[in-house]
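Data block below; observations after.
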Amino acid sequence: SQEQKARQSASSLLIVVVVAQMVAVLQTVGVVARISVDWPEPMAGLQRIVRAVTFDMDELVRFSCVAPLSPIANYTMKLTIIPVVSLFLTILHCLASCYYKDFHRRHFALISAVGVVVMAFYVSISGLILSPFQCLSHPNGVWTLMQYQTVVCWDSGDHVVMLVISCLATSIPVGFLATVFHLLRVFPTRMARGDVHFLSTFAFLFVRVKPRWRWFVFFGLCRNLFIALVPSIPDSFWQTFILETTFLFYFGVVVRILPWKLDVANALDIGSTAAILFVIVISAAFLPSDDRDRLPQAALVLVLTMFSLFPLILGVTLGRRFWYQHRKRFRWFLCHQKAASGAFARVLKLSLAPEASGSGTSVFLDSDDLSDLAKLFGYVRDDVQTLLVLASREVFHSSWCLAEVTTASLY
């Protein structure tokens, strides 16, 4: 039945969202475990366990155990994991398409599968690519790579080569981020055209979040990329401070907008972020003594920043609300089925026009005010104060009218 299908769909979405968030949390914990903190036992042992189970590519993949490799070869082999996984998914897709003989109908599934993998392991992929920038200080003053401690940072040919390879490989996470930005930007236009193929192909971006907060996906990816960059900072104090500030800001955004479609996902995100924040705060007590001396100043800066941001955020929120309320051009939007109530809509517009013009607005009627069909739902979302539905029998059979009502209820 339709009810059973709806329940199965909701259950599948819940499983996907929970698994995706748990994978992201584990990768984030792996980054936190890389902070240069002198954890005492048993925390030091727990840190090693965490790094072993947090999808850390450098910990999971060790080609040197199979054959002796130079650091450059070892790093390059690890980078090949990304195209190898993509190639494996492509081969599976081609085999399935040949079996079902519908490659052209199924090619969107390949794009979706690759997108899901990159989204899920974005922190690990970015961390792997940026590992040549992650250096570790030794008591003798020498800096070596954290993952390849035979390579001296900034003073050896191997390190220069690895930096060049890393800079080239950053096109993967940066390119993916740019692609997501473009897809989110064109999303309203594609939906206005009724492009179901676009929605099916890139559902991994939109299915988990509320439509009005679709840009949260881009915000989350930027946060993950920034987190992957933190171990490259050669100062444990600033690593801790920047991570704490980043997660505190992210925590505030999630609590404020509750972007996920499922309440369970919002609760899980808030709870996991709070737990990570707690671990980062505790880690400050185990920083090297020179770094601990700077904690009072850092705490003062953080408190002052929070207090200075509060009136700014409040002002921006109130200003946006005032602006949105007063910038809408149309007092009413006449949602109607033309054949059934087109004449009545014309008469109704003539009747309402004087009252609307008195407030500096007008009445939207598609035959008068719509020059580009792709902008229809944009008008409903951004430029209309009240949607009036002329409830003839035919209006409930019109996909355009139902889409207008849906858009108005969402925004």
Side-chain angles (χ1 to χ4, degrees), residues 10 12-28 31 112 115-126 173-191 198-230 242-277 309 312-314 316-317 319-321 323-324 377-378 381-382 406-407 409-411:
S12 300
L13 179 60
L14 176 61
I15 294 172
V16 169
V17 168
V18 171
V19 171
Q21 288 192 344
M22 290 304 299
V23 170
V25 167
L26 286 173
Q27 293 174 83
T28 304
V31 173
S112 181
V116 168
V117 172
V118 177
M119 282 279 290
F121 298 99
Y122 193 74
V123 175
S124 295
I125 292 172
S126 302
V174 174
F176 183 78
L177 191 65
T179 302
V180 170
F181 178 85
H182 172 71
L183 294 173
L184 292 172
R185 187 175 61 85
V186 302
F187 176 74
T189 304
R190 292 300 187 94
M191 290 301 96
F198 175 85
L199 184 61
S200 300
T201 303
F202 303 106
F204 64 92
L205 292 175
F206 312 112
V207 71
R208 296 183 296 161
V209 296
K210 298 174 183 176
R212 64 181 302 188
W213 301 121
R214 69 182 188 279
W215 283 104
F216 182 80
V217 176
F218 182 76
F219 171 72
L221 284 175
C222 289
R223 185 210 71 161
N224 291 342
L225 182 59
F226 191 69
I227 289 172
L229 283 167
V230 168
I242 293 174
L243 272 179
E244 184 174 354
T245 306
T246 302
F247 278 104
L248 189 62
F249 180 72
Y250 179 83
F251 180 81
V253 170
V254 174
V255 171
R256 172 65 180 82
I257 67 176
L258 298 176
W260 306 107
K261 284 184 179 180
L262 301 179
D263 293 336
V264 174
N266 287 310
L268 180 62
D269 201 4
I270 292 171
S272 60
T273 305
I276 293 172
L277 269 171
L309 286 177
L312 177 63
I313 295 173
L314 180 62
V316 170
T317 302
R320 284 187 61 201
R321 179 171 296 182
W323 183 67
Y324 273 114
F377 300 115
R381 182 189 63 206
D382 299 326
T406 302
T407 303
S409 65
L410 289 174
Y411 296 96

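Only heavy atoms go into these numbers, but all of them, side chains included; no hydrogens, no water, no symmetry mates.
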request  = Return the minimal non-hydrogen interatomic distance between S126 and L225, and the atom names on each side.
outcome  = OG-CD1, 3.7 Å
message = Donor-acceptor pair, distance only, cut-off 3.5 Å: does the side chain of N266 make one with the backbone of W260?
response = yes
query = What residues form a side-chain contact (heavy atoms from CB on, under 4.5 Å) with T407, not counting sequence neighbours?
reply = F377, V380, R381, Y411
task = Report the residues that fulfil ring-ring contact (aromatic ring centres under 6.0 Å, His included) with F202, sequence neighbours left out, ordered by chain and then residue number.
result = F198
ask   = So, does S272 use its side chain to make a donor-acceptor pair with the main chain of D269 at under 3.5 Å?
value = yes
key: Results of side-chain contact (heavy atoms from CB on, under 4.5 Å) for L221 - residues two or more places apart only   = M119, Y122, F176, L177, V180
inquiry  = If you take the centroid of each ring, where Trp contributes its six-membered ring, are F219 and F216 closer together than 6.0 Å?
reply    = yes
inquiry  = In the structure I gave you, are the side-chain heavy atoms of L205 and F218 within less than 4.5 Å of one another anywhere?
reply    = no
key: Straight-line distance of T245 OG1 to L277 CG, nearest 0.5 Å   = 9.5 Å
ask   = Partners of L199 by side-chain contact (heavy atoms from CB on, under 4.5 Å), sequence neighbours excluded?
value = F187, M191, F206
side-chain contact (heavy atoms from CB on, under 4.5 Å) partners of F226, counting only residues at least two apart = I242, T246
key: Which residues share a ring-ring contact (aromatic ring centres under 6.0 Å, His included) with F204, sequence neighbours left out   = none
ask   = Are L258 and W213 side-chain neighbours, meaning at least one heavy-atom pair lies under 4.5 Å?
value = no
request  = May I ask you to decide if I270's main-chain N or O and T273's side chain share a donor-acceptor pair within less than 3.5 Å?
outcome  = no
remark   = When rounded to the nearest 0.5 Å, the distance separating OG1 of T179 from CG of L184 is 10.5 Å
Spacing of CD1 belonging to I257 relative to NZ belonging to K210, to within rounding of 0.5 Å = 8.5 Å
